[in-house]
Amino acid sequence: MTSEAEARAAPPHRYPGGDPGADPRYPYLQALNEEQRRAVLAVDGPVLVLAGAGTGKTRVLTTRLAHVLHTGRAGPGQVLAVTFTNKAAREMKDRVAGLLHRPVEGWWLGTFHALAARMLRRHAELVGLQPNFTIIDTDDRLRLLKQLLAAEDIDDKKWPARAIGFAIERWKDRGLLPDKVSAGEAGDLAGGRILEIFQAYQERLARLNACDFGDLLLHCLTIFQSHPEILEDYHRQFRYLLVDEYQDTNVSQYLWLRLLAQGHRNICCVGDDDQSIYGWRGAEVGNILRFDQDFPGAEVVRLERNYRSTGRILAAASGLIAHNEGRLGKTLWTEGEEGERLRVRGFWDSPGEARYVGDEIESLHRKGESLNGMAILVRTGAQTQEFESRFVDIGLPYRVIGGPRFYERMEIRDALAYLRVVNQPDDDLAFERIANKPRRGLGDSSLRLLRETARAQDISMMQAAKLLLGTDELRPQARRSLVALVESFDRWRDQAEHGNHVELAEIVLDESGYTAMWQEDKSIEAPGRLENLKELVGAMSEFESLGGFLEHVSLVMEAIQGEGDEMVTVMTLHAAKGLEFDTVFLAGWEDGLFPNQRALDETGLRGLEEERRLAYVGLTRAKQRAIVTFAANRRIAGNWTSVIPSRFIDELPDELVEKESDPGLYGAHGGIGGFGDGFAAWGETRLSPGMARARAREGQAERFIEVSATRVDSLPAGGFSTGERVFHQKFGYGTIAQVEGDRLSIDFDKAGDKKVMANFVVPADQAG
DNA sequence: AGTCCACCGTTTTTT
DNA sequence: ACGGTGGACT
């Protein structure tokens, strides 16, 4: 610790008797184990807490915060605590309040984006924004980019605005603005003009007095770098930094943290490299792997004692994740029960899988297990449908997490757009969204005129509207409508200053004709949309002002989820991070689906390792039992496709797994061509070359990993090679398109593209 | 301006 | 298979 930091810190505390856990002044420490206590008490200097799944991470984080506050080392306003989701922030806030037996007010706890926005509002003018700048979301971004692409005459068929948006977002994740992106990296995106588009996009945002999510961080970085005195103020203010889910930080978040931590270096990052599953959206596992280089002398605390899962679940998860390279390495252990072996079950097709899961849930439920304690975790959102339809059939209550969120619904965005224009008349994106919603005769041509006038005069569309109303350029009908609309907004703005914002929302939705539009709409969704609008208005009452509400909405894009009733949960593996269930069904473990082919195609071995971490996250959600399922046939993008079991199944240590076979199903295959290679492949897996090699090396972890890592894409599969003609019992003749270990992608003459195990095909000339 | 048809894409998700 | 979108037609 530096002497400076020492001087700033509160008087040093001594822990009598060498056992602070027993110190009556710190009752909250007693609930911790030794490593957790170390993580809590190492308050000064950089600390990395490597918190394995289920090791009490949140408890450590919250206790640490409580400890800093309780010992008077810092007041609430002097701690910066960063999370990724609002949910995590809320939980932390509640739990610290619980530990201290009082609510904590006035602290800086929130998501990266919320905290950055809070800072940016203070210094907005330094980056050319006004303090009331708008935060645009992906939908606004898409509209804006479409306009820009059209203006630049770029074919948005070939270069979809969505893809351009992603590219820009990824650059911003890495802290890059258009001037920092190399031409090579820009590639031929947008016909080689992506950087022009990026630049134009930034200029448009500035002119709109708006920024996107990435900009919240980037603008902060700009300010910190150009105004050291502001950064120093924050150094003085924030004595302690606390970061959750550090493995998910991207470069710009990392830079932001590093700048803020520079002064006193009292930064504590908590995370788990094995649970890094957001690489595809810019997260850099490297941040956590590099921590002790970024912060020399960092204390590293490993939390390895798991309080969640049975011994066998832990061992299976550990065995699986051991196949990854470049880990910091942890060994989770438990004093809990050994538990059941994992079940792995295969089915003919995905409906069969769903049937089994449904039956199994009912059977567990009859034995007294709570439905709330059960979850089905899937790789892709599309998989939930199969389970939903089965659960509806058998009347099993369920909830699906994910899907379109409340604030993403069309009617909510429309309503918000009205409110945004009231709040900020120059918010062009919002204005354009609702100018002709409901239809009021302000069609494309009128809007184009407005847009062009605005651009030519360098004013907002609202201002352009007022300008155009003084001319004859608009057709009479459009003119009348526009007069009415502009007058309405003036009136509403006036009311916004006087009346309360909840009433205002009602007035706006009513007088604009927006509510009426849905009332007249005869579609089946209309009543639901009206319901949502009511809910929106209701939600506003919890905020002090319209501005406050809008800020909340743009940063907290989540709906209020109803818990409560007995229901099983269906969700993606990503959505399951941080949760736990007694029973976890891990469905759809098939190569191509999981690990996901696209992840493999795009990022190769890195992608595979991230998929494996996803499997690890899934397994470690289970407290009592984990059931892995796969199907031999699944509909992918509409077509029934024959698929083979996930390679991750082979990677589960054999002695921990109970490969239950349903006699009816397995007995039926017996080499009769019609039953499908999935089952055959499953039955034969133990004989496959890859497995045999793996088996031979059981207990020799290092060599095992080495072999399995290479086997993925380089070992020849029984001598087959790309381009070779082969014959398959069920699919007939075909040409090998790709060889991945003992798995072959074959382009069959009749059956199309399939993946099959190598030992189910023979060279074409040996057929018959 | 509104409706209909053809075509395309289809992993994960926060803010 | 399906839903969303964009273009063309009425």
Side-chain angles (χ1 to χ4, degrees), chain A residues 82-89 110-118 135-142 146 150 155-158 160-163 166 169 172-173 211-218 244-245 248-250 252-253 276-283 377-386 401-405 407-408 410 436 438-446 475 477-478 525 551-559 571-578 588 592-603 607 610-611 613-615 617-618 634-641:
Chain A
V82 198
T83 62
F84 267 84
T85 65
N86 294 291
K87 198 174 145 209
T111 63
F112 276 99
H113 294 91
L115 295 168
R118 187 166 163 189
I135 302 167
I136 70 161
D137 58 29
T138 13
D139 205 63
D140 294 322
R141 180 179 74 186
L142 194 66
K146 275 184 180 164
D155 182 7
D156 70 343
K157 280 267 164 47
K158 196 159 175 227
R162 188 176 293 275
F166 285 144
E169 190 177 333
K172 287 189 177 178
D173 285 340
C211 52
D212 64 16
F213 290 124
D215 287 340
L216 293 171
L217 273 304
L218 286 183
D244 192 14
E245 306 280 14
D248 288 337
T249 50
N250 61 33
S252 81
Q253 288 159 340
S276 161
I277 56 175
Y278 286 110
W280 52 272
R281 65 171 201 217
L377 307 185
V378 295
R379 176 63 180 84
T380 72
Q383 287 169 260
T384 61
Q385 193 274 330
E386 197 80 73
I401 309 283
R405 284 169 301 170
Y407 291 115
E408 278 170 0
M410 184 204 338
N436 203 30
R439 294 210 164 81
R440 44 171 79 90
L442 288 172
D444 280 351
S445 50
S446 312
R475 294 218 314 274
Q477 201 206 333
E525 301 99 59
E551 176 91 351
H552 165 83
V553 169
S554 49
L555 292 168
V556 185
M557 297 288 294
E558 67 181 17
M571 63 181 138
T572 63
L573 289 159
H574 284 92
K577 190 160 87 156
L593 182 61
F594 188 42
N596 188 274
Q597 190 59 47
R598 208 164 136 180
L600 265 39
D601 291 345
E602 279 168 14
T603 42
E610 182 154 311
E611 295 286 303
R613 290 193 292 267
L614 204 44
V617 167
R634 183 176 297 276
R635 219 159 45 187
I636 294 170
N639 315 314
W640 282 100
T641 315

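Protein chains get the first letters and strands the later ones, always in sequence-line order, with residue 1 at the start of each.
- Taken to the nearest 0.5 Å, the CG atom of A:Leu614 stands 8.0 Å off from the OG1 atom of A:Thr572.
- The CZ atom of A:Phe166 sits 13 Å away from the P atom of B:dT14 (whole-angstrom rounding).
- Among the nucleotides B:dT12, B:dT15, C:dG6, the one closest to any side-chain atom of A:Lys146 is C:dG6.
- Between the P atom of B:dT14 and the CG atom of A:Asp173 lies a distance of 15 Å, rounded to the nearest Å.
- Taking atom CG of A:Leu600 as the reference point, atom P of B:dT12 lies 16 Å away to the nearest angstrom.
- Under the stacking criterion of a centre-to-centre distance below 5.5 angstrom and an interplanar angle below 30°, A:Trp280 sits stacked against the six-membered ring of B:dT12.
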Using the 3.5 Å cut-off, write out each protein N or O paired with an N or O of nucleotides 3-10 of chain B and the distance between them.
none

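- A:Gln253 places a side-chain N or O within 3.5 Å of a backbone atom of A:Asn250 that can act as its donor or acceptor partner.
- Nearest to the side-chain atoms of A:Arg379 among the listed nucleotides B:dT15, B:dT12, B:dT14 stands B:dT12.
- A:Glu386 contributes no side-chain N or O that, together with a main-chain N or O of A:Gln383, makes up a donor-acceptor pair within less than 3.5 Å.
- Proximity of A:Thr111 to the phosphate of B:dT14: no side-chain N or O atom is located under 4.0 Å from OP1 or OP2.
- In this structure, A:Glu602 reaches the bases: a heavy-atom distance under 4.0 Å links it to at least one base atom across the strands shown.
- Comparing C:dA1, B:dT15, B:dT12 by their nearest atom to the side chain of A:Arg635 picks out C:dA1.
- One atom, CG of A:Leu115, and another, C1' of B:dT14, lie 14 Å apart when rounded to the nearest Å.
- No side-chain donor-acceptor contact under 3.5 Å links A:His113 to the backbone of A:Leu555.
- Distance, A:Lys87 NZ to B:dT13 C1': 13 Å, rounded to whole Å.
- OP1 or OP2 of B:dT15 lies within a sub-4.0 Å distance of a side-chain N or O belonging to A:Asn86.
- Ranking B:dT13, B:dT15, C:dA1 by closeness to the A:Ala575 side chain, first place goes to B:dT13.
- By the side-chain hydrogen bond (donor to acceptor under 3.5 Å, both in side chains) test, A:Asp248 pairs with A:Lys577, sequence neighbours left out.
- Side-chain contact between A:Met571 and A:Val378: absent, with no pair of heavy atoms (C-beta onward) separated by less than 4.5 Å.
- At the heavy-atom level, A:Gly381 lies under 4.0 Å from the strands shown only through sugar-phosphate atoms.
- Protein atom CG of A:Leu377 is 14 Å distant from nucleotide atom P of B:dT12, rounded to whole Å.
- For the pair A:Arg281 and A:Leu442, both in contact range of DNA chain B, the more 5′-proximal nearest nucleotide belongs to A:Leu442.
- Taken from CE in A:Met410 to CG in A:Asp139, the straight-line distance is 10.5 Å, to the nearest 0.5 Å.
- A straight line from CE of A:Met410 to P of C:dG3 spans 15 Å, rounded to a whole angstrom.
- Taking for each of A:Leu573 and A:Asn436 the nucleotide of DNA chain B with the nearest heavy atom, the 5'-most of the two is the partner of A:Asn436.
- What separates CD of A:Gln385 from C1' of C:dC2 is a distance of 11 Å, to the nearest Å.
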### Task
Could you walk me through whether A:Lys172 and A:Asp215 pass salt bridge (Lys or Arg N to Asp or Glu O under 4.0 Å), step by step?
CA-CA 7 Å; A:Lys172 287 189 177 178; A:Asp215 287 340; 2.8 Å; yes
